[in-house]
Amino acid sequence: MALIGKIRQNTLIVLLFIGGGVALFIFSEMTNGAGGALGPVMNRMGAVGETEIDRGDFDRTASAAFSGGDNFANRDQLWNFYVTEAIVNSEAEELGLAVTEDEMEALQFGNNPSPVIQRNFADPQTGTINRTMLNQIKQSRDQGTVDQDIQQGIIPDVRGFWKYQTRDVRSTRLQEKMTALVTKAMYAPGFMAEAYANDQSGSRRAAVVKIPFEEVDNTEVEVSDADIQAYMDEYRAGFINPEETRQLSYVAFAVTPTDADSAALRTKLTETAAKWREETSETGDSLFAVSANGSYQAAYLAEKSLSPIIADAVLNQIEPGTVFGPYLEGNAMKLLKLIDRKVMADSAKGRVILRQVTSPDQFAEAERIIDSLMGVFNVSTRDFTALAEKYNQYPGLTDGVIANATPGQYPRAIDNVLFQTGTVGRFTKVRAPFGWLLVETTSRSGTSQPRAKVAYVVEPIVPTSATVREVKNKARSFVKDKTKFSDVAAAAEAAGMEVITSGPLPASNYALQGLGSGKDVRDMMCWAYAADKGDVSPDVYSFTDPQLFYENNHVVVGLADIIPKGMPGVAAVREQLEPLVRNRVKGKKLAGMLAGKDLRALAGEYDVDIDTISSNPTLQSLPVIGSEPKVIAAIAAGYTGSVSAPVVGQSGVYLVQPLNDAPTANSGRLPQARQQLNVTTRNQAAGRLMLALRLNADVADERSDGDCRNN
C-alpha cells in the first residue's frame, strides 16, 4: 500500500518513464533495418537523381560480381556501374529507348553477343567466346535445371553473377543506342569541310629551333601565387572541384630488413641446404624445392638462361648433387641444387605423331595405333606426311614436322628423344601423360654447349615481425603528444624525413600513391573528414606489401587542407602545378632572351639542331617535335622566310621560319575531308557522351557515411 501511495504522489514521473519507453520502442522499430521508417535512410548508399542506391543491394551484387582482386577497387568499379546505370536508365526513359527481351536473348546467347558477354566468357587460351559453357548455361536455364546442374558441377554457380551481368548487358546496349542517336545526328557542313580540306592541302615546310626550359636553372626564376593563379584561370574547367575534398600530409616510416634479419635468413637457408643434400633422386630434389617455396624445371638450361651470379659455378665448377648457396640475388636469398649437367646440341630437327588421350582407358587404343605406325615406318618412311596428316593430333604440327627445336621448347617426352636418347634416323615410341608419341630425330646441329638441370629454394628478404613492431613503435613515439601536424612536420624535417602532401581526395578515396590501398586509407579518410585543418591523427596507419604481405610502411598523417567545392585556392594546388608553371615562367624569360635572333645564331649559342619539318593546321603532332599546337599555329600564320616571335610550348621555347608559301586553297579533297571530320567528331562524341552526362548528373555519393559509421 505504501508503494502504491508513492506512485500516486509521483504520477508525472511515472508518465514520463512510460512515455520514454514507448518512444524508444517506436524509434527502434523505425530504425530496424530497411523495414523501418528510417531504415532506408540508414541503409542508403547514395543517389543518382531520384534513383537511390541501397547499401544492402550493393553489397549483395558485389559478392556475386567479384571473386577476387582488390576489394576496394572492385567496390569502386561497381559504384561507377550503379551510377552509370542510373544515368542511362533515366535518359533512356526520356528518349523512349528500351532493350526488348528478344534483344536481350540475342545479346546474351546469339551470334553477335554483347561486349559484356565477350569479356566475361572469353576463353583465356584462345581469346574467343567459350561457346560450350555459354550454351550449357542456356540449356540449364531453358530446362529449369540450373540448381541441379550447379550441384553436379555441370555449370559454375552463376546465379548471382548473372543478375549483375544482365543489368550490365542492358545498360551497355542502351549506351550504344544513345551514342548512335548522337553520332548519327552529327554532320560536317560544307563550309567546315571546305576549310578542313584547304588546311590539309596547305602544308608548309619550316625550319624550327627548340631551346629547352632546362637552359634556365630553377634558381633563376620564382613561381609566384599570381603565376599559379593565372595558369588556373586559363585552364579553369580542369580545377573546379565538384565536391569538397581533403589534402593529407604524411610521414612514412618504411620497414626494411635489418642486417640481423638477413643473417637469420642465411642461417635458416644453411640449415635447409644441409637437409637438401640428403636427397639423392631427381624426384626427391624437385619435391623438396617446391615444398620449400622454390622451383624446379625439367629442362636443361644454357648459360644465357642462368643468372650471371651462378652460371659459371653451375656449368664449370660444382658437381651434380651439389647445393650452392645461400647467395643473394635481387631482394631474395637463394639456394641452388645442380641436378644434372650435359653437353647438348643447340638445335634439332625431327618428326612426331601424337595420339592424345583424355582418360586412362584410352591409352591402350592410342598405343595400338602408334605400334602400327611404327611398324610401317620401320619398313619405309615414304608415307610419313600422309599418315601424319591422318593420325597426328599434336597441336600446330599437322604434318608432324619439327622444323627447328631448341632444348626445352617441346614437352619433356619429345625433348628427351630429340636431344638425348633418340638415335638420328630412328623412331622412338614414348608414353607421356597426355598420350602415346612416335618421335624421330632427323638431325642435330653441329654446335653444342653445356646445359644444366637445376632446382631452387627462394626466400624473399623481408623484415621479421620484431623489426616490423620496432618501426611501428618508433612511429607511435614520433607522433605521441603532438596535436598539430606542424609539430610533426618540424620533427620530420629535423630528422631528415620527407613530408608528402597528397592531391585533393574525396571522402570515398581508398588509395594513396606510393603507399597502397585498403582499409587503412579508408580509416584515414574517415578521420580526415571529421578533423580540422592542421590536426594530426593519433593513430599510426599500416600498409602491407601486396606481394610479400608484410607491413612495409607505418604512416603518421595530418590534415593539410580542406578544399571547398568550386575553385580551390593556390595553396591547395601549388605542389601539383609548380613544375608546370615554373616552365611557363622559364619560357617567358627565355622568350625575352631569344627575341630578334636568327635560327643559326641560336643553334650555335645553345648547341641545338635546326630541324626542318612539314606541317599543316589539321595535324595534332609534328615529326621530331611532338604535340605542340602553338608551333603548328605559328608555322601556319608566319610569313615565308621570316623568323617568328618566340613560341612558349610544352617542353621548350621555339622559333620557326616558314620556308615556303602554303599552296592556294582549292578544296580538292572535299569528300574525303568531310568523311574525316565526320568520323573524328563522331568518335569523340562516343567517348565523351557518358562523361558529359555524368558531369551534369545529380550524384549523391554517401559511401563514406556507412564506412565511417561502422569504424
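Throughout, residue positions are numbered sequentially from 1 according to the sequence presented.
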Participant: Which value, rounded to the nearest 0.5 Å, describes the distance between R584 atom CZ and Q650 atom CD?
Facilitator: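 Between R584 CZ and Q650 CD, I get 9.5 Å after rounding to 0.5 Å.
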Participant: Between the side chains of D233 and Q229, does any donor sit under 3.5 Å from an acceptor?
Facilitator: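 Indeed, the side chains of D233 and Q229 share at least one donor-acceptor pair under 3.5 Å.
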Participant: Between R582 and D227, is there a salt bridge with N-O shorter than 4.0 Å?
Facilitator: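 Looking at D227 and R582, the cut-off is not met.
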Participant: One thing to verify: whether D561 and R246 come together as a salt bridge, which I'm taking to mean a side-chain N less than 4.0 angstrom from a carboxylate O.
Facilitator: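 Here R246 does not pair with D561 in a salt bridge, since their nearest N and O are not under 4.0 Å apart.
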Participant: So that I know where these two stand, are Y164 and F81 an aromatic pair - ring centroids less than 6.0 Å apart?
Facilitator: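 Yes, the ring centres sit under 6.0 Å apart.
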Participant: So, N293 side chain and V458 main chain: donor-acceptor pair closer than 3.5 Å or not?
Facilitator: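 Answer holds: yes.
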Participant: Side-chain donor-acceptor pair under 3.5 Å between S262 and D259, yes or no?
Facilitator: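 No, no side-chain donor-acceptor pair sits under 3.5 Å.
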Participant: Is K586 salt-bridged to D217, going by a charged N under 4.0 Å from an acidic O?
Facilitator: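 Salt bridge absent between K586 and D217.
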Participant: Does the pair R75/D707 count as a salt bridge with the N-to-O cut at 4.0 Å?
Facilitator: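 Looking at R75 and D707, the cut-off is not met.
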Participant: Would you say the side-chain atoms of N89 and T51 include a donor-acceptor pair closer than 3.5 Å?
Facilitator: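 No, because no side-chain N or O of N89 sits under 3.5 Å from a partner of the opposite role on T51.
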Participant: Does the ring of Y82 carry R167 above it, NZ/CZ under 6.0 angstrom from centre and within 45° of its axis?
Facilitator: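 Yes, a cation-pi geometry holds between R167 and Y82.
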Participant: Thinking salt bridges, do D705 and R44 make one under a 4.0 Å N-O criterion?
Facilitator: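 The answer is no: the pair does not qualify as a salt bridge.
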